[in-house]
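All ligand and atom numbering here is 1-based and tracks the order in the structure.
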Amino acid sequence: MAVDAMCSPLGPPACEKDAKALQFIEEMTRNADTVQEKVLGEILGRNAETEYLKLYNLDGATDRDSFKSKIPMVTYEDLQPIIQRIANGDKSPILSSQPISEFLTSSGTSAGERKLMPTIREELDRRQLLYSLLMPVMNLYMPGLDQGKGLYFLFVKSETKTPGGLMARPVLTSYYKSDHFKTRAFDPYNVYTSPNEAILCPDSFQSMYSQMLCGLYEREQVLRLGAIFASGLLRAIRFLQLNWHELAHDIRTGKLNAKISDSDIRRCMARVLRPDHQLADFIESECSKDNWERIITRIWPNTKYLEVIVTGAMAQYIPTLDYYSGGLPKVCTMYASSECYFGLNLNPMSKPSEVSYTIMPNMGYFEFLPHDPNSTSPNSATSDKLVDLVNVEVGKEYELVITTYAGLCRYRVGDILRVTGFHNSAPQFHFVRRKNVLLSIDSDKTDEAELQSAVDNASKLLNEFNTSVVEYTSYADTKTIPGHYVIYWELLVKDSANFPKDDLLEKCCLAMEESMNSVYRQGRVECNSIGPLEIRVVKNGTFEELMDYAISRGASINQYKVPRCVNFTPIMELLDSRVLSSHFSQSLPHWTPERRR
Ligand code: AMP
């Protein structure tokens with residue numbers, strides 16, 4: 001059939017393969033409720049004999065009403081004992097009738113450690129299916145992507161084994177190492193400059209170096225630049241700032257830097273490297289300029305857009321991305337997690353602030369807990385309040401609750417979403433925020449309790465100097481690359497002759513980092529995605545001024561609480577104008593790939 005004849009309501013597809021994908025999106029979203037009912041039936045049917053569903057006396061029922069009346073809504077902490085049993089090697093059908101193939105390590109943490117999400121082999125196909133829908137949608141808005149390549153900075157992270165021998169690794173590491181990715185069929189609309197060998201190298205320096213080198217050689221062909229998160233793309237720019245001399249040298253000589261020792265990379269780079277004086281001159285002349293504004297479009301002049309997640313916490317990077325790219329469009333294609341891939345952005349050229357994700361009803365069973373930002377009662381969250389996918393209301397906020405093929409049942413993801421509209425009968429959601437996250441630079445998520453205990457631990461070092469921290473607040477500083485946490489401290493120094501010295505406050509910085517969760521410490525040590533923590537000591541009385549300011553803007557004096565994280569410019573200016581001294585962590589906190597009890 002001619003492609004035009006297959007025109008989708010979303011627009012004319014670029015090729016027949018795209019037409020099929022767009023048709024699939026139409027079918028799923030038109031029949032969202034039927035698909036959801038079918039998905040739930042399948043999940044409950046195949047898992048009928050699992051320990052978990054039996055515990056709640058589902059008795060093999062697969063209908064919505066039985067499910068809703070019998071199965072409770074849960075958090076990770078509720079499931080942790082079960083998950084630990086699976087991790088320890090219990091192979092009986094606990095959550096899923098299908099064998100748990102591995103654990104995906106979420107960037108969300110519980111008791112300071114990454115959450116372990118059980119998954120089954122077929123989930124890879126489901127993830128692959130969602131990936132296969134992204135370019136057909138993109139091609140509707142950006143023609144000609146088959147005429148060039150994508151420079152995507154993609155990385156694998158370290159893997160560990162649970163005591164029972166199951167692999168535990170991030171979902172993207174699992175995907176890049178799978179045959180789905182490694183032996184993907186050639187698709188002219190989806191050609192990367194980075195060879196698999198470079199993406200799969202566990203050493204982040206070698207991986208980034210070789211991906212950057214390939215991107216420089218193919219600078220004219222690059223039509224789109226990306227990374228998973230905005231922070232990752234900025235790290236690549238920083239890497240170029242630090243390493244362009246060596247990269248240009250390799251290009252000039254056609255010889256690979258000796259620091260790249262990975263034999264797979266060396267073998268594949270031998271096919272890429274060739275002496276190119278003109279290119280080396282160009283890189284040197286652009287990179288040696290003091291001004292790096294629009295460096296992306298200077299080096300990769302045919303780039304049409306950046307593909308990075310800039311929704312949620314990543315929105316903080318938009319001004320810096322705009323600076324380096326001259327305001328190129330920023331495309332957020334999908335919304336996903338280790339637990340389940342949720343959906344995609346059907347209007348990828350929309351402004352970041354207007355991005356909405358359409359949840360695909362075939363990916364899992366989705367329910368929504370109405371979210372009242374003003375409610376303080378934890379008991380108000382009961383499963384009888386859960387709303388089905390097609391019944392959410394435009395303008396309202398909900399917390400996402402999922403039931404997956406791998407056996408999570410009515411599991412609270414912790415994401416707060418606002419309904420912006422519908423595509424057919426499938427709702428579209430704006431990602432509002434992740435619950436309880438105070439600070440985030442990359443995939444780290446630090447909550448208020450973690451920050452409090454880090455401050456408590458660090459301030460113990462001050463005791464012997466008769467000094468205490470009377471107030472504190474924090475800020476995710478993304479002006480540096482990588483970004484870093486800034487903690488403002490107001491100190492009570494009882495013996496002014498004994499004011500804490502620089503080295504003591506540096507130790508306090510490290511003590512705070514040691515107290516942070518493992519995702520933070522991994523970001524510091526393995527990924528280099530988070531810079532050294534900074535303590536800024538402010539003058540006495542600064543926090544009182546902060547309160548006065550809040551009250552002058554209408555806050556109630558009785559209810560005023562010191563904000564534990566700030567990002568409002570006038571407040572930042574006030575704090576920064578009162579800084580007496582600033583101190584950085586001088587070493588790395590401990591981190592080893594986690595060993596699972
Ligand atoms: P992880 O469990 O480490 O895979 O992280 C998944 C979480 O990342 C989600 O639950 C969201 O909080 C966040 N996330 C994923 N995709 C997006 C997106 N497109 N926009 C904003 N946040 C996202």
Side-chain angles (χ1 to χ4, degrees), residues 75-76 83 102-110 113-119 123 127 130-131 134 137 155 157 168-176 226-233 306-318 330-348 350-360 363-364 366 368-369 371 397-402 404 406 408 411-418 420 428-447 517-520 522-523 527 529 594:
T75 62
Y76 182 81
I83 288 178
E102 61 181 314
F103 282 105
L104 302 176
T105 52
S106 162
S107 60
T109 53
S110 173
E113 298 291 302
R114 281 174 181 272
K115 292 178 183 169
L116 285 178
M117 295 301 166
T119 190
E123 277 295 293
R127 284 180 217 126
L130 192 66
Y131 282 128
L134 304 181
V137 172
F155 301 93
K157 291 191 186 171
R169 55 188 176 181
V171 61
L172 290 172
T173 300
S174 162
Y175 176 66
Y176 299 145
I228 301 300
F229 291 123
S231 52
L233 186 53
L306 306 180
E307 187 176 326
V308 278
I309 291 180
V310 281
T311 43
M314 288 292 146
Q316 60 194 341
Y317 293 103
I318 292 173
K330 291 158 291 296
V331 168
C332 304
T333 56
M334 69 189 279
Y335 170 44
S337 78
S338 315
E339 294 91 327
C340 179
Y341 277 23
F342 307 125
L344 75 172
N345 178 0
L346 293 180
N347 189 7
S350 52
K351 284 198 291 196
S353 57
E354 288 164 14
V355 166
S356 290
Y357 299 101
T358 305
I359 289 195
M360 287 297 286
M363 299 302 291
F366 302 104
F368 297 85
L369 183 67
H371 174 68
E397 288 189 5
Y398 299 89
E399 183 185 336
L400 178 61
V401 176
I402 57 168
T404 67
L408 297 177
Y411 173 91
R412 295 174 73 164
V413 174
D415 288 349
I416 307 294
L417 310 174
R418 185 172 54 249
T420 55
Q428 301 184 296
F429 295 92
H430 177 70
F431 182 91
V432 179
R433 63 189 174 85
R434 176 122 181 155
K435 262 190 342 183
N436 302 333
V437 173
L438 212 57
L439 290 165
S440 174
I441 291 289
D442 191 50
S443 53
D444 53 301
K445 302 173 176 74
T446 298
D447 69 22
N517 64 47
S518 72
V519 180
Y520 176 93
Q522 184 177 13
C527 318
S529 56
E594 284 157 33

R434 and salt bridge (charged side-chain N to carboxylate O under 4.0 Å, His left out): which single residue from D447, D415, D444 fits? D415

Heavy-atom distances under 4.0 Å are what count here, so tell me which part of T311 touches ligand 1: side chain, backbone, both or neither.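 Looking at T311 and ligand 1, atoms from backbone and side chain both fall under 4.0 Å.
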
L104 contact mode with ligand 1 (heavy-atom cut-off under 4.0 Å): neither

Compute the shortest N/O to N/O distance between [X] and ligand 1 and return yes if it is under 3.5 Å, no if not.
X    : value
S337 : no
S107 : yes
M334 : yes

Per-atom contacts, ligand 1 versus [X] - under 4.0 Å to a heavy atom:
X    : result
Y357 : 18 (C), 19 (N), 20 (N)
R434 : 7 (C), 9 (C), 10 (O), 12 (O)
V413 : 10 (O)
I309 : 16 (N), 17 (C), 18 (C), 19 (N), 20 (N)

From M117 CE over to Y76 OH, what is the distance, rounded to the nearest 0.5 angstrom? 6.0 Å

Give a yes or no answer on whether the side chain of [X] reaches the backbone of [Y] with a donor-acceptor pair at less than 3.5 Å.
X    : Y    : result
E339 : T404 : no
R418 : E397 : no
S110 : K115 : no
H430 : L417 : no
N517 : K445 : yes
N345 : C332 : yes

May I ask whether A336 has any heavy atom positioned less than 4.0 angstrom from an atom of ligand 1?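 The answer is yes, since A336 has a heavy atom less than 4.0 Å from ligand 1.
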
Just going by heavy-atom distances, which of A313, S338, P352, G108 is nearest to atom 1 (P) of ligand 1? S338

Tell me which one of D415, L172, L344 gets a heavy atom nearest to atom 11 (C) of ligand 1.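 Checking each option, the heavy atom nearest atom 11 (C) of ligand 1 is found in D415.
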
Identify, for atom 17 (C) of ligand 1, the protein heavy atom at the shortest distance, and state residue, atom and that distance. Y335 CD1, 3.7 Å

Please give me the minimum heavy-atom distance between I441 and S529, naming the atom from each residue.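 Heavy atoms of I441 and S529 come nearest at CG2-O, 3.5 Å.
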
